[in-house]
Student: 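I'd like to ask you about the structure that follows.
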Amino acid sequence: MPKRIYIYWFLSVASLLLFSCTNGQDDEVKYLKNVVETTEGGNVKTSTFLYSGSQLLSIEDDFTIKKFTYTSAFITEIVTTNKSNSVKATVSYTYDDGNLKTVKSIGDYVIRYTHNTDGTVSYEKFDISILNLEIKIHHGVLYFKEGNMIREERILDDVAPSIISKYNVNYDYDFNKNPLHYILGYEKLLDQEGVISTNNYIISTVETTIEKDNQIISSASFYKNTFKYDAGNYPVEKTSLVSIPHKGISYNLKTTYYY
């Protein structure tokens with residue numbers, strides 16, 4: 001009898017350890033090391049990610065290098081250097097009570113965000129390229145569900161008074177892991193759009209409408225992503241279809257992810 005109890009106890013502990021190890025592998029956070037994009041024409045672009053722990057230090061490809069600066073757990077600056085001419089573009093981020101407050105591209109634009117009680121985020125974007133004067137470019141609202149940005153509604157302000165111009169984006173997601181979301185502070189960067197979300201978007205539809213003299217002109221662009229995943233539900237390959245019918249544009253792009 002004691003021998004049977006011992007065997008039962010041993011098998012139970014072994015099963016528990018195996019279950020724990022399996023769960024640990026599934027729940028392990030993976031960080032991108034390389035992303036390889038290949039066009040239909042065979043052109044290849046490789047982006048290399050460098051980290052310190054969960055902080056993203058840089059993203060580098062053949063043409064640019066982006067360096068990230070943190071303050072505590074927040075990304076507060078991204079400096080992009082063009083390798084061909086060494087020209088730098090600096091984007092700074094400020095926060096209020098843990099939420100993104102402003103995004104400012106020096107000598108170019110500034111975006112101001114308001115986080116609403118219903119979970120939406122309103123924003124206004126201004127051109128500051130002329131003597132630091134603020135000229136409103138557009139304003140809009142971002143919508144979220146279960147950690148995903150599902151819709152953006154935008155109204156253009158830099159148009160003639162008689163014209164109403166709107167731009168809307170809708171995202172549909174799968175239930176698998178977006179590796180960019182797990183980079184420390186990255187999910188706060190609302191200016192990066194759908195790629196900050198918890199999951200990977202499989203369809204993105206962009207709708208534009210222009211209303212003038214009681215006439216409405218509309219167009220739509222369609223982006224479809226098909227993913228392959230590893231055992232931990234992280235993407236290892238993405239095939240993207242880009243379709244812009246009103247411009248006669250349609251092409252495929254293959255992206256491979258390495259961790």
Side-chain angles (χ1 to χ4, degrees), residues 21-51 53-64 66 68 75 78 119 121 142-153 167-207 220-245 247 249-259:
C21 290
T22 303
N23 269 3
Q25 290 175 353
D26 289 344
D27 295 337
E28 177 188 0
V29 175
K30 296 181 181 180
Y31 297 104
L32 286 170
K33 293 181 179 178
N34 297 101
V35 174
V36 180
E37 298 172 287
T38 307
T39 67
E40 285 182 322
N43 295 320
V44 178
K45 175 186 173 184
T46 300
S47 299
T48 301
F49 292 68
L50 182 64
Y51 303 87
S54 60
Q55 292 187 359
L56 178 60
L57 299 182
S58 66
I59 304 175
E60 183 173 5
D61 57 41
D62 291 337
F63 309 102
T64 63
K66 292 183 178 182
F68 295 75
I75 296 171
I78 302 176
V121 179
L142 304 175
Y143 295 82
F144 300 86
K145 183 179 180 180
E146 298 174 351
N148 296 319
M149 184 185 295
I150 60 170
R151 180 173 172 83
E152 176 184 358
E153 296 177 353
Y167 170 97
N168 296 325
V169 185
N170 290 288
Y171 298 97
D172 292 322
Y173 293 84
D174 60 19
F175 299 100
N176 295 308
K177 298 172 182 176
N178 169 20
L180 292 175
H181 178 80
Y182 297 97
I183 296 170
L184 185 64
Y186 202 85
E187 83 282 359
K188 301 287 185 180
L189 306 186
L190 300 178
D191 61 323
Q192 303 296 313
E193 301 177 335
V195 296
I196 68 171
S197 296
T198 302
N199 304 119
N200 303 288
Y201 70 84
I202 52 177
I203 297 176
S204 172
T205 306
V206 179
E207 305 166 341
S221 302
F222 178 78
Y223 304 83
K224 181 180 179 181
N225 296 322
T226 302
F227 290 90
K228 293 181 180 178
Y229 292 93
D230 63 14
N233 292 323
Y234 282 86
V236 293
E237 185 178 290
K238 177 178 72 175
T239 302
S240 302
L241 169 64
V242 178
S243 179
I244 310 176
K247 293 185 178 181
I249 297 174
S250 180
Y251 63 89
N252 288 284
L253 177 69
K254 179 182 175 181
T255 305
T256 308
Y257 303 91
Y258 299 91
Y259 302 90

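The first residue in the sequence is number 1, and the count goes up from there.
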Student: Provide the full list of ring-ring contact (aromatic ring centres under 6.0 Å, His included) pairs with a residue in residues 176-207, sequence neighbours left out, each pair given once.
Tutor: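 Sorted result for residues 176-207: Tyr171-Tyr201.
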Student: Roughly how far apart are Asp62 CG and Thr46 OG1, rounded to 0.5 Å?
Tutor: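 Reported to 0.5 Å precision, the distance equals 7.0 Å.
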Student: Between Tyr259 and Pro235, what is the shortest heavy-atom contact and its length?
Tutor: OH-O, 2.6 Å
Student: Looking only at atom types and distance, does a side-chain atom of Asn200 sit under 3.5 Å from a main-chain N or O of Lys177, one as donor and one as acceptor?
Tutor: yes
Student: Is there a side-chain contact between Phe144 and Met149 in this structure, where contact means two heavy atoms from C-beta onward sitting under 4.5 Å apart?
Tutor: yes
Student: Distance from Gln192 atom CD to Ile75 atom CD1, nearest 0.5 Å?
Tutor: 8.5 Å
Student: Any idea which heavy atoms bring Ile196 and Leu189 closest together, and the distance?
Tutor: CG2-O, 3.3 Å
Student: Can you name the residues that form a ring-ring contact (aromatic ring centres under 6.0 Å, His included) with Tyr167, not counting sequence neighbours?
Tutor: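 Counting only residues at least two positions away or on another chain, Tyr167 forms no ring-ring contact (aromatic ring centres under 6.0 Å, His included).
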Student: Between OG of Ser47 and CD of Glu37, what distance do you get to the nearest 0.5 Å?
Tutor: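 Answer rounded to 0.5 Å: 6.0 Å.
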Student: Can you name the ring-ring contact (aromatic ring centres under 6.0 Å, His included) partners of Tyr229, sequence neighbours left out?
Tutor: Phe227
Student: Identify, with sequence neighbours excluded, every residue that meets side-chain hydrogen bond (donor to acceptor under 3.5 Å, both in side chains) alongside Tyr173.
Tutor: Ser197
Student: With a 4.5 Å limit on heavy-atom distance, are the side chains of Val242 and Leu253 in contact?
Tutor: no
Student: Quick one: side-chain contact (heavy atoms from CB on, under 4.5 Å) partners of Ser250, sequence neighbours excluded?
Tutor: Leu241
Student: Check whether Asn148 reaches the backbone of Thr198 with its side chain - one donor and one acceptor, N or O, closer than 3.5 Å.
Tutor: yes
Student: List for me each residue that meets side-chain contact (heavy atoms from CB on, under 4.5 Å) alongside Leu50, sequence neighbours excluded, and say none if there are none.
Tutor: Leu57, Ser58
Student: Tell me the salt bridge (charged side-chain N to carboxylate O under 4.0 Å, His left out) pairs involving residues 225-238, sequence neighbours left out?
Tutor: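 Salt bridge (charged side-chain N to carboxylate O under 4.0 Å, His left out) check on residues 225-238 returns Lys30-Asp230, Lys228-Glu237, Glu237-Lys254.
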Student: Once ring-ring contact (aromatic ring centres under 6.0 Å, His included) is applied, do any residues pair with Tyr251, and if so which ones, sequence neighbours excluded?
Tutor: none
Student: Any side-chain heavy atom of Asn170 within less than 4.5 Å of one from Glu207?
Tutor: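 With C-beta onward as the side chain, the pair touches.
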Student: By the salt bridge (charged side-chain N to carboxylate O under 4.0 Å, His left out) test, which pairs, at least two apart or in different chains, include something from residues 39-50?
Tutor: Lys45-Asp61
Student: Ring centres under 6.0 Å, that's the criterion: do Tyr257 and Tyr234 meet it?
Tutor: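 No, they do not, as the ring centres are separated by 6.0 Å or more.
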Student: Would you please name every residue forming a side-chain hydrogen bond (donor to acceptor under 3.5 Å, both in side chains) with Thr205, sequence neighbours left out?
Tutor: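 Once residues adjacent in sequence are excluded, Thr205 has no partner under the side-chain hydrogen bond (donor to acceptor under 3.5 Å, both in side chains) criterion.
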Student: Ignoring hydrogens and geometry, is there a side-chain-to-backbone donor-acceptor pair from Tyr51 to Leu32 under 3.5 Å?
Tutor: yes
Student: Just jot down the side-chain hydrogen bond (donor to acceptor under 3.5 Å, both in side chains) partners of Asn233, sequence neighbours excluded, or say none.
Tutor: none
Student: Which atoms form the tightest heavy-atom contact between Asn199 and Asp174, and what is the distance?
Tutor: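 For Asn199 versus Asp174, the nearest heavy atoms are CB-O, 3.3 Å.
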Student: Do you know which two heavy atoms are closest between Ser54 and Tyr31, and how far apart they sit?
Tutor: CB-OH, 3.2 Å
Student: For Glu60, enumerate each residue passing the side-chain hydrogen bond (donor to acceptor under 3.5 Å, both in side chains) test, keeping only those at least two apart in sequence or located in another chain.
Tutor: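 Checked Glu60 against side-chain hydrogen bond (donor to acceptor under 3.5 Å, both in side chains); matches are Lys83.
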Student: Nearest 0.5 angstrom please: Asn34 CG to Phe49 CZ, how far?
Tutor: 8.5 Å
